[in-house]
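Here is the structure we will look at.
For this chain, numbers begin at 1 and follow the sequence in order.
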Amino acid sequence: MPSHSHDPAHPAFAPTTGGDGASALTDAHLLLAQHQRKVQALVDNETGVRFESLALFADPLFELYDLDAAAAFELHARPDEADETTVAVMEAARLLWAYFSLPQRERAARHDALAAFLLGPAATPEDEADLDALLDTVESHWDMLTPEDIALAEDIDVDTLDFDVLLAHPAFAQPVAEFATERTYGPDRLSEMEARALFAQPLLEREDDPDALDAAMERADDYWSLAQLRGLERDAFLDEIVSANALDDAEAEQIRTEAQQMLDRFQSLFPNS
């Protein structure tokens, strides 16, 4: 179970704002308005997933955080009495629904945005490990949904918002804007462009042929994305890389070996990233 499961200050469950006196009162009103806006978006199926289906999908989250899943249905029955933690869990479930709706290859590119939303700017390596464990659990639950389950959940009168659009939704956008920071890599605080170039260097240096160089750059991009994933997601994405690039068992083994070398390189260059 994640170590922060009962931490009321954890950004995924209880966003806070600073200030005191009159400003604190204003902050309280803003937070209440935002809370009510999230409740409305969820119970009215405003983001394109049926509330009842989303509540069932959220069950692993309620279990992980030792919360009563029935509270989600109480939120639907009595939205004016919705507690903040239940709303935050449902909000996270809606974002995870959108995240796992993405093709496997696209999840790695959205992982940082997901982590920023759920963990906030001061996340520790332990927080990130907890998130990876949570993603593994929720992914297993997602994989149990049938295409019919997903179609029924999304068979409503409004469009189902995808991950990127959902983050810009008025009810969801504020935490992401608050937590968004430019990510840097390694002790030298490299930008992502600089870090990716350094990471890819051993693959690119040994190629002279333009076609081989292009192929090496594509593999470097895949290995970079692979390094952003953990657990079951990483295993599944590695299988995709092998399937897309290997013509036989020998090539498959070579790619898996190269992938592990690049994962080791990423961890060496950018520990705790």
Can you find a side-chain donor-acceptor pair between [X] and [Y] that sits under 3.5 Å?
X: Ser225; Y: Asp222; result: no
X: Ser191; Y: Glu194; result: yes
X: Ser140; Y: Asp143; result: no

From [X] [atom1] over to [Y] [atom2], what is the distance, rounded to the nearest 0.5 angstrom?
X: Leu114; Y: Phe163; atom1: CG; atom2: CZ; result: 5.0 Å
X: Arg234; Y: Asp136; atom1: CZ; atom2: CG; result: 10.5 Å
X: Phe237; Y: Gln228; atom1: CZ; atom2: CD; result: 10.0 Å
X: Leu95; Y: Leu118; atom1: CG; atom2: CG; result: 6.0 Å
X: Leu102; Y: Asp162; atom1: CG; atom2: CG; result: 7.0 Å
X: Trp224; Y: Met262; atom1: CH2; atom2: CE; result: 10.0 Å

Taking [Y]'s backbone N and O only, do any of them form a donor-acceptor pair with [X]'s side chain (distance below 3.5 Å, no angle check)?
X: Asp68; Y: Ala70; result: yes
X: Ser268; Y: Asp264; result: no
X: Asp155; Y: Ala151; result: no
X: Asp209; Y: Asp211; result: yes
X: Ser53; Y: Val49; result: no
X: Asp127; Y: Thr124; result: yes

Salt bridge flag under 4.0 Å for residues [X] and [Y]:
X: Arg50; Y: Glu154; answer: no
X: Asp214; Y: Arg219; answer: no
X: Glu258; Y: Arg265; answer: no

Would you say the side chain of [Y] lies within less than 4.5 Å of the side chain of [X], judging by non-hydrogen atoms?
X: Thr137; Y: Leu134; answer: no
X: Glu139; Y: Arg107; answer: yes
X: Phe62; Y: Val89; answer: yes
X: Leu96; Y: Phe57; answer: yes
X: Trp97; Y: Thr47; answer: no
X: Ile255; Y: Tyr223; answer: yes

(request) For Asp249, look at atom CG and say whether over 12 heavy atoms of other residues, nucleotides or ligands are found less than 6.0 Å away. (result)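 No, the 6.0 Å shell around CG holds no more than 12 heavy atoms from other groups.
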(message) Starting from Leu64, can I reach Leu67 by hopping between I/L/V/M/F/W/Y residues whose side chains sit under 4.5 Å apart?
(response)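 Linked within one cluster.
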